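One structure below.
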Amino acid sequence: MAARFNPLEADAHWQKVWEDRGTFHASDSSARPRSYVLEMFPYPSGRIHMGHVRNYTMGDVLARYRRMNGFEVLHPMGWDAFGMPAENAAMEKKVHPGVWTWSNIDTMRAQLKRLGFALDWSRELATCDPSYYGHEQALFLDLFDAGLVYRKQSEVNWDPVDMTVLANEQVIDGRGWRSGALVERRKLSQWFLKITDFADELLEGLSELDQWPDKVRLMQENWIGKSRGLKFRFGLEAPLEGIDSFEVFTTRPDTICGAAFAAIAPDHSIALALAEHDPDLAAFVAECRKGGTTAAELETAEKKGFDTGLKVHHPLDAAWKLPLYVANFVLMDYGTGAIFGCPAHDQRDLEFARKYGLPVTRVVAGSPEEAAEPIGDEAYTGPGRLVNSGELDGLTGEEGMRAVIARAEEEDWGEGTTVWRLRDWGVSRQRYWGTPIPIIHCEACGPVPVPREELPVVLPDDVGFDQPGNPLDRHPTWTKVDCPSCGGSARRETDTLDTFVDSSWYFIRFASQPKDRPFDRAEAERWLPVGQYIGGVEHAILHLLYARFWTRALRRIGRLDIEEPFMGLFTQGMVTHETYRAPDGRWLSPDEVEPLDDRLIESATGEPVDVGRPQAMSKSKRNGIDPEPIVDQYGADAVRWFMLSDSPPERDLAWNEDGIEGAWRFVQRLWRLASEEEGHGASTWLGGDEDEALQRKLHQMIAAVGANIEALAFNKAVANLYELANAIEKAAPSAARREAVEAMVLLAAPMVPHLAEQAWAAMGGAGLVADAAWPEADPALLAEDQVTIAVQVNGKLRDTLTAPKGAPKERLEEMALASEKIGRILEGKPPRKVIVVPDRLVNLVA
RNA sequence: GCCCCCGUGGCGGAACUGGUAGACGCGCUCGACUCAAAAUCGAGUUCCCAAAAGGAGUGCCGGUUCGAUUCCGGCCGGGGGCACCA
């Protein structure tokens, strides 16, 4: 047996064995219980990065562990292959997006294979393949037929650099998420998916997802943003161009008697109508539109209003008239675009009222004494009872809301309602490299679905990227089609689908991939939902919400009876690295610096380097580490082991040389243990305490490693394995030691699979470790029969003693009092009180 | 501004439902092997005191408890999400 483990040989050898045997091929017909383990599929950007390695290693450990525990495991891999980087590359490098993408896929597939992941490559898919997106087009048309897709003129976020529409989510601080360009507003006809139809379900469904991080559920809850309240109409004192009233929304109908003004958004139809005859108002509206939306600007933005001079009637008292303002802080796209202002109990309204000299009337008081207290600089938003509210006085806020809603409904001027922050999902993109929307526009018939038998609508290859905008728009022939309905000449839709659509159902296609339809329902339902989904927290809202929506939409149209796509969700942390900066501010990559004495210098210049805290690996900071050379040097197992060690998986992991060296040492250490065992050939039981102690340690670690992998606490499982290795190394050769080493190889197998196979084979183990059963922990060996008891005086540890497990309280107390140290501390006086926790401690209160 | 999470050795981090704080790894120190180095192995490593005895100690202040890293209140610091959401 070789003295050292040679990963270059072993990795390739075992990867080939697994592949030849189809070891990780998921059988649809298996009688074993099923387990679907999935990591978020990568965008084929060019090369694998450390984040991928970490993500897929975690999923792989779980997949392999499940296999060893008797599950038929589905662990697939594919490519989220549409998107803008391919078009950017096309423009910069004059290469077709498809060519670029497929070549990236080849590179990255090869890189992933070198890491030895237990993937079922037979199910590999790429979203840019017509055999995938054609089915997506069919699903889109299914949703279209079901009325879940619609088209509307809408103001969109237009990125003037990328020349495309952005979803609200892709606008960050008023700038495009990719280009960073200031986003403009434009009106375009767009396709929308009715995700708001599912708002309630999507919100309610969150409570079932108890294997999701609370954080993610909370983020989705906030994103969906359900608010209960009252929608009611304000009557205008004098009708305006036939409009005699408008609707407002409030979550605080109880404060209606504190109303001081009404306000509408600058985009509100009334404001626009008035502005036509009022240049001052028109100027105000224009100014509001211009206003920046960055965090800093909003923070400092003044609450500004324009008094229209119009008055509205208070709903509870027609004689009570309120001024109507156009206000810059009222948003057209939330609620009804109009509000009533209650300065006493809303901070924004208060600032507005102070500025324009409007009355501030308290209508909620936390205590009877507070009722007379005027409102200062801060609105009162706490609980209390209503005051200054006529017949509502004395009611709690909750009662007040119910009373006002009941009265509004009775008198027919308003109704209790729910509004959502969630908007419908705009899926049109003015891009080439995406799934063509399978619609044909006919002047006579309007938008007509492409007939199913003509799917897929395949992207034309003959396009150029020398001008900005969507090349499909300019395509001479592709756009020209006959209307499927009337046969007249028509134009193909040139928008493509948001790539989030592609990733909203790929996990279903993995589970079932017939040629002639998106998936087979029964087959898909056998695998779904995904048992454990693992990916970055950056997808906590969009991707996960869209996939949940898509799954529910398919359910509603009777295609798949699954409520939630992902039963368990785990969001892993990033892989980070220190940053290095030259004195002149240049970012330096890790291979451009070297240590000198206690510091780092730039190799080329010898200048000292400024070392920054570990940050997400990024091109701009040049602190990325390419996994491939690391795998070349240390092998897949050391890299995998390092990815799992030390840092809890949900937290960031700082990459460093010492860490990978440590992992390499462990790999060699485990190899040595196995090699030595072969050399010993020891098969006799020593029969002493030593054997038994090792056995106990082994079985405790069998239980602990399993529990920790199951909890995805890989860093703890790693620590367990180190502990076991330490114990084995201290033990003399024996049958117990041999048994422990064999078991350890199996326990480590999900993490370091190549090494495990090699060691297993060298020790004469039968079959593949990948097919072996996970060791079983013997309950009889889990518990120690001797326990260490802490002896405290007044809660301070003063001594420890060893006692048989399960010793009675009286015995422990006796033993504690018999301790010499304790006697000294108590100075012979009996304790006032004794607390005994069996098998744990004795606390003597002096 | 609102909501959420996190603060433990030189570092990454352990500590089950309140019960011996610092498992495990990294780094460092000393030692063994070696002509030497690498690799490997052994010992040590929270802080204070020369050491023992002892004392302090889980961001800070306070509380509950026989006992608090763990529970409660208030600060300070770091991170994340949302954001003029009525």
Side-chain angles (χ1 to χ4, degrees), chain A residues 3-4 173 213-223 225-227 229-230 248-252 255 263 265 291 293-295 297-299 301-304 327-331 333-342 345-349 351-352 381 419-421 537-538 540-541 614 641-642 645-648 650-654 656-663 665-666 668-669 672 704 707 713 715-726 729 788-801 821 824 831-837 839-846:
Chain A
R4 276 168 78 102
D173 294 343
D214 290 342
K215 184 171 98 171
V216 174
R217 288 195 294 179
L218 191 72
M219 281 161 69
Q220 292 217 348
E221 193 180 316
N222 291 338
W223 189 264
K226 181 181 189 173
S227 297
L230 170 71
V248 301
F249 172 73
T250 178
T251 54
R252 293 293 305 273
T255 65
T293 49
T294 67
E297 278 172 303
L298 288 178
E299 197 107 335
E302 227 180 321
K303 305 292 171 267
K304 280 190 218 157
N328 66 345
F329 63 87
V330 182
L331 305 176
D333 54 3
Y334 181 78
T336 62
I339 61 160
F340 82 79
C342 177
H345 306 291
D346 181 288
Q347 189 59 32
R348 231 176 13 207
D349 295 349
E351 286 170 34
F352 191 82
T381 53
V419 303
W420 305 86
R421 210 188 83 97
V537 72
E538 67 274 18
I541 298 176
W641 184 258
F642 176 64
S645 307
D646 293 353
S647 284
E650 69 277 9
R651 281 199 223 166
D652 289 350
L653 167 74
N656 65 74
E657 279 297 316
D658 291 334
I660 184 68
E661 287 285 348
R665 273 203 296 275
F666 177 76
Q668 293 302 342
R669 212 177 132 196
R672 220 177 309 120
N715 58 320
K716 296 187 210 168
V718 163
N720 297 146
L721 287 169
Y722 273 115
E723 212 178 316
L724 180 56
N726 291 344
E729 278 173 351
T788 307
I789 305 288
V791 184
Q792 302 178 331
V793 176
N794 295 332
K796 258 189 193 314
L797 180 71
R798 294 300 181 178
D799 199 5
T800 58
L801 50 89
K821 280 187 192 171
R824 208 168 352 144
R832 283 194 293 124
K833 194 175 169 189
V834 180
I835 289 125
V836 183
V837 182
D839 295 337
R840 283 216 177 261
L841 62 75
V842 178
N843 187 15
L844 306 165
V845 184

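No experiment lies behind these values; they were computed from the predicted model shown. Proteins come first, then strands; the chains are lettered A, B, ... in the order of their sequence lines, and each starts at number 1.
Proximity note for A/Arg672 (side chain, C-beta onward) versus B/G81, B/G13, B/C41: the nearest is B/C41. Nearest to the side-chain atoms of A/Met219 among the listed nucleotides B/G81, B/C4, B/G12 stands B/G81. Among the nucleotides B/A83, B/U20, B/C66, the one closest to the side chain of A/Trp223 is B/A83. For A/Ser647, counting side-chain heavy atoms from C-beta on, the closest listed nucleotide (B/C4, B/A86, B/G13) is B/G13.
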Heavy-atom contacts, protein to nucleotides 5-11 of chain B, under 4.0 Å, summarised as B (base), S (sugar-phosphate only) or - (none) per nt, yield -------

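Here B/G80 presents its P atom at 17 Å from CG of A/Asn222, a figure rounded to the nearest Å. Atom CG of A/Asn656 is separated from atom P of B/G13 by 12 Å (rounded to the nearest Å). Between the CG atom of A/Leu797 and the P atom of B/A68 there is a distance of 13 Å, rounded to whole Å. Distance, A/Asp349 CG to B/A86 P: 11 Å, rounded to whole Å. Atom pair A/Arg217:CZ and B/G81:C1' shows a separation of 16 Å (rounding to whole Å applied). Atoms OH (A/Tyr334) and P (B/C84) sit 12 Å apart, rounded to a whole Å. With rounding to whole Å, A/Lys796 atom NZ is found 17 Å from B/C66 atom P. What separates CH2 of A/Trp420 from P of B/C85 is a distance of 19 Å, to the nearest Å.
Here A/Arg798 pairs with nothing under the salt bridge (Lys or Arg N to Asp or Glu O under 4.0 Å) rule; sequence neighbours left out. In this view, A/Arg672 satisfies the salt bridge (Lys or Arg N to Asp or Glu O under 4.0 Å) rule with no residue, not counting sequence neighbours. Remark: A/Val419 engages A/Ser227, A/Phe249, A/Tyr334 in a side-chain contact (heavy atoms from CB on, under 4.5 Å) (not counting sequence neighbours). A search for side-chain contact (heavy atoms from CB on, under 4.5 Å) contacts involving A/Asp799 returns A/Val791, A/Ser819, A/Lys821, A/Ile822, not counting sequence neighbours. A/Glu538 is linked by a side-chain contact (heavy atoms from CB on, under 4.5 Å) to nothing, counting only residues two or more places apart in sequence or in another chain. Partners of A/Asp652 by salt bridge (Lys or Arg N to Asp or Glu O under 4.0 Å), not counting sequence neighbours: none found. Applying the salt bridge (Lys or Arg N to Asp or Glu O under 4.0 Å) criterion to A/Lys304, with sequence neighbours excluded, gives A/Glu287. For A/Phe352, the ring pair (Phe, Tyr, Trp, His ring centres under 6.0 Å) partners two or more places apart in sequence, or in a different chain, are A/Phe261, A/Tyr325, A/Phe329, A/Tyr356.
With C1' as the reference atom, B/C24 and B/G19 are 22 Å apart, rounded to whole Å. Taking atom C1' on both B/A14 and B/G25, the two are 11 Å apart, rounded to the nearest angstrom. Using C1' as the reference atom, B/C49 and B/C60 are 26 Å apart when rounded to the nearest Å. Using P as the reference atom, B/G81 and B/G42 are 46 Å apart when rounded to the nearest Å. Taking atom C1' on both nucleotides, B/G13 is separated from B/A23 by 10 Å, rounded to a whole Å. Straight-line distance between the P atoms of B/A53 and B/G59: roughly 28 Å, to the nearest whole Å.
A/Asn794 places no side-chain N or O within 3.5 Å of a backbone atom of A/Lys796 that could act as its donor or acceptor partner.
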Practice item. Start with the C-alpha distance between A/Gln792 and A/Val842, add both sets of side-chain angles, then the distance that settles side-chain contact (heavy atoms from CB on, under 4.5 Å), and finish with yes or no. Key: CA-CA 6 Å; A/Gln792 302 178 331; A/Val842 178; over 6 Å; no

Distances under 3.5 Å only, N/O to N/O: pair up the protein atoms with those of nucleotides 22-25 of chain B.
| unit_1 | atom_1 | unit_2 | atom_2 | d |
| --- | --- | --- | --- | --- |
| B/G25 | OP1 | A/Asn726 | ND2 | 3.4 |

Expected rows: protein N/O vs nucleotides 16-19 of chain B N/O, under 3.5 Å:
| unit_1 | atom_1 | unit_2 | atom_2 | d |
| --- | --- | --- | --- | --- |
| B/C16 | N3 | A/Arg840 | NH2 | 2.7 |
| B/C16 | N4 | A/Arg840 | NH1 | 3.1 |
| B/C16 | N4 | A/Arg840 | NH2 | 2.4 |
| B/G19 | N2 | A/Gln792 | OE1 | 3.3 |

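A salt bridge is defined here as a Lys NZ or Arg NE, NH1 or NH2 lying under 4.0 Å from an Asp or Glu carboxylate O, and A/Arg669 with A/Glu729 meets this definition.
Looking at heavy atoms from C-beta onward, A/Asn843 lies in side-chain contact with A/Leu841 at the 4.5 angstrom threshold.
Stems are defined here as 3 or more consecutive Watson-Crick or G-U wobble pairs with pairing distances under 3.5 Å; those involving RNA chain B are B:1-7 with B:76-82, B:10-12 with B:24-26, B:27-32 with B:40-45, B:46-48 with B:54-56, B:59-63 with B:71-75.
The residue A/Thr788 sits close to a base: some heavy atom pair falls under 4.0 Å. Within the 4.0 angstrom heavy-atom criterion, no nucleotide atom of any strand lies near A/Val834. A/Arg798 comes within 4.0 angstrom of the backbone, heavy atoms only, and of no base.
Base orientation of B/G9: syn (glycosidic angle within 90° of 0).
The aromatic rings of A/Trp641 and A/Tyr722 sit perpendicular to each other, their planes meeting at more than 60°, with 30° as the lower class boundary.
Applying the 4.0 Å criterion to OP1 and OP2 of B/G1, one finds that A/Arg348 has every side-chain N and O outside that range.
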